[in-house]
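Input: a single structure, listed below in structure tokens.
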Amino acid sequence: MPKSRPFNSADPIPGRQHTGPQHTGPRHADPHRARARRIGLRSWGLGVVGVLLLVSACSPGPAAVPVPSPAPEVAAACAGLVQALPGKILDAERRETSPKSPLTAAYGDPPIELTCGVSPPAGMAEAETKCFEVNGVGWFAKEVQNGVVFTTIGRALYFEVAVPSKYAPEANALVDVSDAVHKHNKLVTPCT
């Protein structure tokens with residue numbers, strides 16, 4: 001009985017006529033095939049790099065949000081408020097901030113920036129009688145070049161929400177944060 005040997009792709013198949021060149025060496029011995037394989041690998045590698053660049057271009061990365069320097073007891077209370085913020089504001093996903101801080105949060109691109117423990121803004125003292133409420137939370141609004149900055153009024157903590165004009169009407173963002181403000185920012189003086 002003849003000994004069997006492993007199959008070699010270069011072996012002719014019985015009953016089949018071969019019209020192409022017979023390859024007796026390894027597959028990559030054909031310089032044309034080896035070149036095509038290198039080009040295919042390069043194309044695949046470039047495709048992967050392209051997809052990664054596209055994904056990173058779509059991901060805005062951390063938002064630069066200035067970190068305030070409140071007293072330690074204010075910072076501790078603010079950390080609870082910021083942690084209780086929702087996963088989305090105006091359908092914008094929460095994203096990282098830079099530098100990382102328990103006092104800041106950001107959503108969307110351009111970012112809606114939230115900061116707890118800020119100083120009261122200029123003009124706020126006169127605004128006590130002009131505050132407006134959203135879901136039971138009093139706010140002071142200040143228009144800025146690219147949107148509106150809202151700051152809580154009559155609460156133990158000054159909590160700021162900076163909303164770019166892309167999200168107009170900007171005050172709608174306050175609806176999404178009001179529950180966290182109610183639970184983690186004690187009412188001192190109600191809006192009048």
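- Residues Pro99 and Val65 approach most closely at CD-O, 3.9 Å, considering heavy atoms.
- Contact of the Pro121 side chain with the Thr151 side chain is registered, since non-hydrogen atoms from C-beta on lie closer than 4.5 Å.
- Distance check: Asn135 CG to Glu133 CD gives 9.5 Å after rounding to the nearest 0.5 Å.
- Judged purely by atom type and a 3.5 angstrom limit, Asn172 has no side-chain atom pairing as donor or acceptor with the backbone of Leu90.
- A distance-only check finds a donor-acceptor pair linking the side chain of Asn185 to the backbone of Leu157 [under 3.5 Å].
- The cluster map of Ile, Leu, Val, Met, Phe, Trp and Tyr, joined by side-chain heavy atoms under 4.5 Å apart, puts Val137 and Leu174 in the same cluster.
- The shortest side-chain heavy-atom distance between Leu85 and Arg94 falls under the 4.5 Å cut-off.
- For the pair His182 (side chain) and Val177 (backbone), a donor-acceptor distance under 3.5 Å is absent.
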Evaluation steps, salt bridge (Lys or Arg N to Asp or Glu O under 4.0 Å), between Arg95 and Asp109
CA-CA 9 Å; Arg95 58 190 273 201; Asp109 187 29; 3.8 Å; yes
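- Following chains of ILVMFWY side-chain contacts shorter than 4.5 Å, one cannot reach Ile153 starting from Val188, and the two form parts of different hydrophobic clusters.
- Put simply, the side chain of Asp179 does not reach to within 4.5 Å of the side chain of Val181, judged on heavy atoms.
- Neither Val149 nor Ile89 shares a network with the other; the hydrophobic side chains, linked directly or stepwise wherever heavy atoms of I, L, V, M, F, W or Y lie under 4.5 Å apart, form separate groups for each.
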Would you sort out whether Ile112 and Val161 count as a side-chain contact (heavy atoms from CB on, under 4.5 Å), showing the intermediate values?
CA-CA 7 Å; Ile112 297 170; Val161 181; 4.1 Å; yes
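- Counting all heavy atoms, side chain and backbone alike, Val134 lies closest to Ser178 at O-CB, 4.1 Å.
- Between Cys78 and Gly117, the shortest heavy-atom distance links the atoms SG-N, 3.3 Å.
- Thr104 approaches Pro68 most closely through the heavy-atom pair CG2-CD, 4.5 Å.
- For the pair Arg155 and Leu187, the tightest heavy-atom approach, listed with the atom from each and the gap, is NH1-N, 3.7 Å.
- At a threshold of 4.5 Å between non-hydrogen side-chain atoms, the residues Phe140 and Tyr158 do not count as touching.
- Counting heavy-atom neighbours within 6.0 Å of Glu143 CD, excluding the residue itself, gives a total of 12 or less.
- The aromatic rings of Phe159 and Trp139 lie tilted to each other, with the angle between the two planes from 30° to 60°.
- With a 6.0 Å radius and a threshold of 12 heavy atoms from other residues, nucleotides or ligands, Gln83 has its CD atom at or below the threshold.
- The shortest heavy-atom contact between Cys116 and Leu81 is SG-CD2, 3.8 Å.
- Checking side-chain atoms of Tyr107 against main-chain N and O of Pro86 turns up a donor-acceptor pair under 3.5 Å.
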